[in-house]
Amino acid sequence: MSSTNKRTKTALVTGATGLLGRQVVRAFQGLSVPTELGSQAAWTWEVKGTGFSRADGVNVLKVDLEKQEEVERVLEDVDPQVLVHCAANRFPDKVDADPEGTRLLNVEATRTLARACASRGILLIYISTDYVFSGKPGEAPYEADAATGPTNLYGVTKLDGEKAVVEEFSKAGKEGLGVVMRVPVLYGKTEKGRNDESAVNVLLDAVLKAQEGKKIKMDHWALRFPTNAEDVGRVCRDVAVKYLSTSEAERTSLPRILQFSGEEQYTKYEMCQLFAEILGVPIDNIEANTEGSDPKASVQRPYDCHLSTKALKDLGVDVSTQDFVAWWRRELRAFRH
């Protein structure tokens with residue numbers, strides 16, 4: 001059983017080698033005194049991650065989340081007070097190409113983790129998505145308790161993962177320890193220039209390919225609210241501190257579903273325009289596509305899934321985000337020299 005009274009806390013992060021997982025790990029590593037969120041004495045944090053193909057066996061442990069025995073073993077060995085579940089198949093096109101594998105990771109592995117965490121009294125923060133909403137024009141911003149209605153299989157599997165978390169913690173009588181954290185499209189520092197880690201960063205590759213004469217159609221219809229992975233890491237850490245520093249009796253009244261998002265709005269085409277302006281290159285070869293979601297397409301993308309952050313604000317959690325333009329100006333400066 002995990003104790004919330006220990007001075008040294010342990011956080012376990014699944015998907016720790018990914019774009020978000022790396023930043024969640026760093027956020028916990030940087031926290032020692034959570035005075036702004038609770039009256040607990042200073043805590044120090046130990047952080048471990050799980051991965052699979054890129055696990056190093058030391059800081060990132062190799063765990064197949066689809067195997068219950070491996071999940072049970074890592075929880076016994078690490079004995080965390082909080083587990084942040086970042087691992088997922090999160091690219092809609094890849095989800096449609098492997099629906100069975102996606103359901104195993106996004107839903108069944110999530111249920112296994114939730115059941116194991118609930119039985120041990122471990123706080124679970126499950127990373128979900130704005131794609132659990134339909135995104136129909138005029139509906140956003142969505143509150144955490146708004147009616148869901150995913151338009152593609154990715155959103156369906158993440159919503160089913162949410163339900164699995166809530167169900168397993170409710171069954172165990174540990175409702176205050178199972179938390180869903182919905183986030184929108186993420187960007188940030190990629191590993192070894194792998195821009196395909198992010199649906200935002202990868203647009204930089206499109207801008208560069210356009211300089212080689214390649215003609216590219218780019219969506220100029222759906223509204224996106226790109227959010228920096230560092231900020232999501234910080235919010236996950238602050239939520240963990242808030243929930244763990246709240247008494248068990250009071251914790252049951254805390255919200256089960258939270259949402260975090262940047263407030264700056266862009267289409268993918270507008271992000272390409274920004275990157276081109278920063279780099280000082282033309283985007284004549286990138287054509288703005290304003291047709292919207294093709295009803296015949298295998299993956300349907302919503303128009304506007306902007307998330308309200310009210311539930312986090314009500315908890316006293318800082319929901320500020322990095323300035324999108326300023327971050328990219330700093331990040332791309334090297335390209336111009």
Side-chain angles (χ1 to χ4, degrees), residues 19-21 23-24 26-28 30-31 34 36-38 82 84-86 88 90 123-150 155 158-159 161-162 165-166 176-188 198-200 222-246 250-251 253-267 271 302-327:
L19 179 81
L20 177 57
Q23 297 301 335
V24 174
R26 287 173 187 149
F28 277 98
L31 180 68
E36 74 280 11
L37 286 167
V82 57
V84 184
H85 182 28
C86 301
R90 58 189 177 83
L123 172 65
L124 172 64
I125 300 175
Y126 167 71
I127 302 299
S128 190
T129 173
D130 56 347
Y131 272 23
V132 299
F133 295 113
S134 66
K136 292 176 182 175
E139 289 187 352
Y142 291 97
E143 297 297 339
D145 60 355
T148 53
K158 292 302 288 182
L159 181 59
E162 290 187 10
V165 169
V166 172
L177 289 173
V179 181
V180 171
M181 176 70 72
R182 294 175 182 150
V183 296
V185 65
L186 303 181
Y187 71 96
S198 159
V200 176
L223 305 181
R224 313 305 298 274
F225 296 84
T227 302
N228 196 291
E230 290 178 40
D231 294 326
V232 180
R234 182 199 76 233
V235 168
C236 287
R237 177 200 71 192
D238 289 353
V239 166
V241 171
K242 175 68 177 178
Y243 279 65
L244 290 177
S245 61
T246 300
E250 294 177 338
R251 196 186 299 133
S253 66
L254 295 179
R256 315 276 199 280
I257 299 177
L258 300 170
Q259 299 181 154
F260 179 60
S261 173
E263 299 298 327
E264 297 170 280
Q265 173 186 298
Y266 295 90
T267 65
M271 287 188 255
Y303 169 68
D304 178 6
C305 287
H306 189 202
L307 299 171
S308 165
T309 58
K310 182 179 183 299
L312 278 173
K313 290 176 186 173
D314 290 347
L315 287 176
V317 173
D318 176 14
V319 296
S320 63
T321 57
Q322 298 185 56
D323 181 273
F324 186 71
V325 175
W327 191 91

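The first residue of the sequence shown is numbered 1, and numbering continues consecutively from there.
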As an exercise, state the distance from CZ of Arg237 to CZ of Arg234, rounded to the nearest 0.5 Å. 7.5 Å
Quick one: pull up OG1 in Thr129 and CG in Leu307 and give me the separation to the nearest 0.5 Å. 8.0 Å
Do Ser261 and Asp130 have side chains that approach each other closer than 4.5 Å (heavy atoms only, starting at C-beta)? no
By side chain to side chain donor-acceptor pair (under 3.5 Å) - contacts of Tyr187 (at least two apart): none
Please determine whether a side-chain nitrogen of the Lys or Arg among Lys310 and Asp314 lies less than 4.0 Å from a carboxylate oxygen of the Asp or Glu. yes
Measuring from atom CD of Glu143 to atom CD1 of Ile257, what distance do you get when rounded to the nearest 0.5 angstrom? 12.0 Å
Residues Ala229 and Leu19: closest non-hydrogen pair is CB-O, 3.9 Å
Quick one: are Val179 and Lys242 in side-chain contact, heavy atoms under 4.5 Å? no
Pairwise side-chain contact, Phe324 with Met271, heavy-atom cut-off 4.5 Å (strictly under): yes
Is the backbone N or O of Phe225 less than 3.5 Å from a side-chain atom of Thr227, with the two atoms forming a donor-acceptor pair by type? yes
Measure the spacing between CZ of Phe260 and CG of Asp231 and express it to the nearest 0.5 Å. 5.0 Å
Minimum-distance pair of heavy atoms, taken over all atoms of Val24 and Cys86: CG2-SG, 4.0 Å
Quick one, Pro226 and Tyr266 - any side-chain contact, counting heavy atoms below 4.5 Å? yes
Any side-chain heavy-atom pair of Tyr142 and Ser134 under 4.5 Å: yes
Under 3.5 Å: donor-acceptor pair, side chain of Ser198, backbone of Leu186: yes
Report the distance from atom CD1 of Ile127 to atom CG of Leu124, rounding to the nearest 0.5 Å. 9.5 Å
If we ignore hydrogens and angles and just use 3.5 Å, is the side chain of Tyr131 paired with the main-chain N or O of Cys305 as donor and acceptor? no
Nearest heavy-atom neighbours spanning Pro302 and Ala222: O-CB, 3.6 Å
Considering all heavy atoms of both residues, which atom of Thr148 and which atom of Val132 are nearest to each other, and what is their separation? CB-O, 3.3 Å
The criterion is side chain to side chain donor-acceptor pair (under 3.5 Å); which residues satisfy it with Arg182, sequence neighbours excluded? Glu162, Gln259
Begin from the C-alpha positions of Glu139 and Asp304 and carry the test side chain to side chain contact (heavy atoms under 4.5 Å, CB included) through to its verdict. CA-CA 8 Å; Glu139 289 187 352; Asp304 178 6; over 6 Å; no
Where the side chain of Gln322 meets the backbone of Trp327, is there a donor-acceptor pair that is under 3.5 Å apart? no
If only atom types and distance count, is the side chain of Tyr126 paired as donor or acceptor with the main-chain N or O of Lys158 below 3.5 Å? yes
Look up atom CD1 in Ile125 and atom CE in Met181, then write down how far apart they are to the nearest 0.5 Å. 6.0 Å
